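Beneath this line is the structure, given in structure tokens, with notes to follow.
Values in this document were obtained by computation on a predicted structure and should not be read as measured data. The chain is numbered in sequence order, starting from 1.
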Amino acid sequence: MPEQGRRWRAWRQPGAWSLTGYPAPGPVAPGTTVGTTVGPTGTVRVVVVDDSAELRTLVRTKLRLSGAAVVEGEGANGADAVALARRLQPDAMLLDVSMPGMDGLTALPQVLAASPGTRVVMFSGFDEEPLALRALELGAASYLTKTSSLDDVVGELVGGVVTPDPHDEAGADDGPGLLEDQVERFQSVFEDAAIGMATMTLQGRIVRANEALCRILGRVGDELLGSEYGAAVGDQPDVAEAIAAIVDKGADVLTLEHPEVDDVHLRTTLSVVRDRSRRALYLLAQCQDVTRQHEAERGLRESERRFRLLVEAVRDYAIFMIDPEGRIISWNLGAERAKGWTAEEIIGQHFRVFYPAEQQAAGHPEYELEVALRDGVYQEEGWRIRKDGSRFWAHVTISSVFENDGRHLGFAKVTRDNTERMQLLEQQGQYADALAEANERLESANTELAAAAEEQARFLAVTAHELRSPVGVLSMSGRLLAENWHRFDEGERTELLSGLQSSSARLQRLLGDLLTTSRLQQATLALDLQDRDLAEVLKPVLQRLRVAHPEAVVEAELGAGVRAVVDADRLGQIVDNLVANAVAYGSGPIRVTVRQVGDEAEVAVRDDGPGVTPVLRDRLFERFASQGGHGTGLGLHIVRELARAQHGDATYSAEHNAFVVRFPRSAAAS
């Protein structure tokens with residue numbers, strides 16, 4: 001298959017569908033249109049449905065230049081496709097597979113039901129043949145990948161015949177497809193991941209699965225593609241409920257534990273990739289075989305149950321619980337036998353009742369609890385008192401008990417006669433300590449595994465999504481302008497050049513943010529720290545920002561004589577990121593101020609926008625935290641880390657809707 005893309009066509013035999021791969025069928029007589037009934041004007045009437053506005057612009061422009069078709073309607077999701085098919089009855093439709101709301105595979109049968117004469121060409125970033133076969137079985141005329149050229153797209157929409165463009169060189173092609181290099185790069189990462197991964201439509205249909213997932217599920221890729229993920233893992237109701245929580249209720253990440261099948265326990269983490277307006281685009285599933293971990297947890301629970309039964313059944317040891325204030329809250333048979341009180345008599349009393357009067361007066365029981373809370377455990381031997389007033393020499397162990405979240409629950413107290421069965425109690429204490437240690441290690445491993453999986457998934461999803469559109473627009477727009485400049489009017493040139501400029505800037509910012517984040521994380525960022533006048537550093541930065549954002553009003557109040565030891569380039573990057581953030585999410589005017597606050601130099605960026613929502617404030621400077629799903633969420637993280645690298649810090653003031661960066665003032669300014 002050619003590197004620039006793949007396509008499949010369907011042809012019908014009685015009772016069966018068959019696939020033919022690229023290239024197209026044999027030559028057709030000039031002026032003949034295959035498989036499509038054209039409109040009364042002699043051109044094919046086309047509807048384009050794709051959630052990328054830039055891609056729709058490219059296809060619309062290419063169709064106009066071909067002279068063989070005209071775009072009569074555009075949509076961004078499956079529901080739009082069905083409505084446009086019903087209203088316009090078009091000759092042909094270009095239909096994206098993965099879109100928010102209703103996806104293309106779900107919409108395809110409804111489109112054909114609403115407009116049986118429409119030739120539907122499926123358009124997807126996924127080149128798996130089983131997925132193409134499924135689309136053709138549902139009635140699509142052909143299936144194109146988004147690495148195809150625009151000539152392929154036009155050819156399929158007009159039925160396989162494109163009148164040669166007299167302004168193009170003979171045999172000229174649109175060049176590499178939308179995502180050639182990037183798809184290859186990210187698919188390699190996707191396929192090589194050790195964890196099972198699948199990309200899905202918003203309805204849970206698998207459109208890509210890596211080898212690890214096939215291995216975990218015991219299936220081959222062709223069996224998984226086009227199937228429901230819930231059915232593949234044997235947990236369709238819970239998966240459907242989780243998808244609804246993401247798509248309909250706005251959740252970002254959910255983790256599911258699937259029922260065991262053939263003694264295999266699976267865990268799925270579902271995450272979502274959203275566009276800048278927070279619309280869900282597609283889902284990413286990570287599947288892990290956690291059978292061993294599940295067995296370990298089950299063994300731990302069984303050990304805890306047996307230990308509890310053991311404690312309750314022991315008759316030769318007094319084992320009981322004390323609340324944080326020292327009141328008795330549990331009582332075993334060994335305690336009743338050793339001390340003489342029944343559970344009904346003693347529960348609720350303070351444990352000082354077991355101590356001689358002189359130790360009670362000295363506050364010794366309370367001292368034991370203080371030491372146990374401070375050190376985790378307290379041990380001693382001494383006299384204790386039974387209910388009948390008699391004394392016995394006891395070995396006492398008091399241990400602090402904490403919940404997994406660190407909350408102090410109280411104390412566990414074990415008392416025994418020092419002359420009887422010393423060895424057995426020592427083994428009991430070792431068993432309890434080993435059990436607590438194993439539980440702590442397991443909980444820590446679970447937390448680290450979940451955090452690593454979530455961050456890896458978010459990084460891959462966000463980076464892939466942010467690169468896809470700008471790279472595609474740069475490739476296709478540049479080709480169109482180079483080959484057809486003289487044929488465009490001023491408005492079309494402006495529109496395409498604007499797309500080139502914005503996509504290039506977006507790609508450059510993304511790559512810069514990723515590089516800076518990597519260097520900060522690895523502590524390899526070189527800084528040129530010098531004593532500088534902040535006003536002099538920021539004047540050229542603000543001039544550059546006013547040129548870069550002509551639509552924004554950027555005002556400045558740069559206090560004279562405010563100095564700090566900073567790296568001029570990195571300070572400029574901080575202000576650049578903060579102003580870009582204000583342009584994207586706030587409203588003008590944007591005010592940049594520099595002033596002295598005590599022993600610190602302060603740089604603040606304010607705007608008159610609505611400010612940061614309360615739910616985002618606590619994680620505002622974390623990696624991948626973004627407002628409304630816009631961008632990578634790295635800008636503010638970089639601001640804080642650059643400030644800290646220069647011995648300062650960055651904060652957000654909700655009261656003034658301002659991002660504030662402070663640096664220690666230099667000795668010369670003091």
Considering all heavy atoms of both residues, which atom of Gly559 and which atom of Ala535 are nearest to each other, and what is their separation?
-> O-CB, 4.0 Å
So which of Ile243, Val253, Thr255 actually passes side-chain contact (heavy atoms from CB on, under 4.5 Å) with Leu270?
-> Ile243
Return yes if a side-chain donor-acceptor contact under 3.5 Å exists between Gln646 and Arg570, otherwise no.
-> no
Validation row: Arg267, Gln293 side chains within 4.5 angstrom (heavy atoms) | yes
Give a yes or no answer on whether the side chain of Asp289 reaches the backbone of Ile216 with a donor-acceptor pair at less than 3.5 Å.
-> no
Heavy-atom pair of closest approach, residues Ala242 and Leu254 = O-CD1, 3.5 Å
Say you draw a straight line from CD1 of Ile322 to CD of Gln349; how long is it, rounded to the nearest 0.5 Å?
-> 12.5 Å
Separation between CG (Asn581) and OH (Tyr652), nearest 0.5 Å, reads 9.5 Å
Determine, step by step, whether Phe392 and Thr415 satisfy the side chain to side chain contact (heavy atoms under 4.5 Å, CB included) criterion, reporting the C-alpha distance in whole Å, the side-chain angles of both residues, the deciding distance to 0.1 Å, and the verdict.
-> CA-CA 11 Å; Phe392 67 100; Thr415 304; 4.0 Å; yes
So does Asp599 have more than 12 non-hydrogen atoms from other groups sitting under 6.0 Å from CG?
-> no
Would one find more than 12 heavy atoms of other residues, nucleotides or ligands at under 6.0 Å from atom NE2 of His408?
-> yes
Can the positive tip of Lys339 be found less than 6.0 Å from the middle of the six-membered ring of Phe354, inside 45° of the ring normal?
-> yes
Can you check whether Gln379 reaches Thr397 side chain to side chain, under 4.5 Å on heavy atoms?
-> yes
Please test Val239 against Thr268 for side chain to side chain contact (heavy atoms under 4.5 Å, CB included), starting from the C-alpha separation and ending with a verdict.
-> CA-CA 9 Å; Val239 171; Thr268 292; over 6 Å; no
Yes or no on side chain to side chain contact (heavy atoms under 4.5 Å, CB included) for Val612 and Phe659, after CA distance, side-chain angles and deciding distance?
-> CA-CA 10 Å; Val612 180; Phe659 288 88; 4.1 Å; yes
dist Cys287:SG -> Leu213:CG (nearest 0.5 Å) comes out at 5.5 Å
Within a strict 4.5 Å, meaning less than it, do heavy atoms of the Val594 and Leu538 side chains meet?
-> yes
Closest approach of Phe411 and Ser400, non-hydrogen atoms and distance?
-> CE2-OG, 3.5 Å
Between Asp608 and Arg591, does a salt bridge (charged side-chain N to carboxylate O under 4.0 Å, His left out) hold up when you go through it step by step?
-> CA-CA 9 Å; Asp608 291 336; Arg591 294 176 293 278; 3.0 Å; yes
By ring pair (Phe, Tyr, Trp, His ring centres under 6.0 Å) - contacts of Tyr378 (at least two apart) = none
Would you check if the side chain of Asn657 reaches a backbone N or O of Gly609 as a donor-acceptor pair within less than 3.5 Å?
-> yes
How many angstroms lie between atom CZ of Arg662 and atom CD of Gln596, to the nearest 0.5 angstrom?
-> 12.5 Å
State, yes or no, whether a side-chain contact exists between Arg384 and Tyr355 at a heavy-atom distance under 4.5 Å.
-> yes
Might you point out which heavy atoms bring Val353 and Ile385 nearest each other, and give the distance in Å?
-> O-CB, 4.4 Å
Separation between CG (Asn210) and CZ (Arg215), nearest 0.5 Å, reads 8.0 Å
Can you see which heavy atom on Pro365 is nearest to which on Arg352, and at what distance?
-> CG-CB, 3.8 Å
So, does Arg391 use its side chain to make a donor-acceptor pair with the main chain of Trp383 at under 3.5 Å?
-> no
Of all residues at least two apart in sequence or in a different chain, which pass the ring pair (Phe, Tyr, Trp, His ring centres under 6.0 Å) check with His258?
-> none
So do the side chains of Glu366 and His350 get within less than 4.5 Å of each other, counting heavy atoms only?
-> yes
Which of these, Val660, Val661, Leu534, sits in a side-chain contact (heavy atoms from CB on, under 4.5 Å) with Glu602?
-> Val660
Main-chain N/O of Ala338 paired to Arg386 side chain as donor or acceptor, under 3.5 Å | yes
When rounded to the nearest 0.5 angstrom, what distance separates CG in Leu256 from OH in Tyr229?
-> 8.0 Å
Compare all side-chain heavy atoms of Leu373 with those of Phe402 and state whether any distance is below 4.5 angstrom.
-> yes
Would you please test Phe320 and Ile346 for side chain to side chain contact (heavy atoms under 4.5 Å, CB included) and show each step?
-> CA-CA 11 Å; Phe320 53 96; Ile346 198 65; over 6 Å; no
Name all pairs fulfilling the salt bridge (Lys or Arg N to Asp or Glu O under 4.0 Å) condition that reach into residues 235-249, sequence neighbours left out, sorted by first residue then second.
-> none
Hey, is the main chain of His364 close enough, under 3.5 Å, to the side chain of Gln359 for a donor-acceptor pair?
-> no
Could you tell me which non-hydrogen atom of Val290 sits nearest to which non-hydrogen atom of Leu266, and how far apart they are?
-> CG2-C, 4.2 Å
Any donor-acceptor pair under 3.5 Å linking the side chain of Trp341 with the backbone of Trp331?
-> no
For residues Glu336 and Thr342, is any side-chain donor paired with an opposing acceptor at under 3.5 Å?
-> no
Report yes if the side chains of Ile328 and Met321 come closer than 4.5 Å at any heavy-atom pair, otherwise no.
-> no
Asp569 side chain near Asp528 side chain, heavy-atom distance below 4.5 Å | no
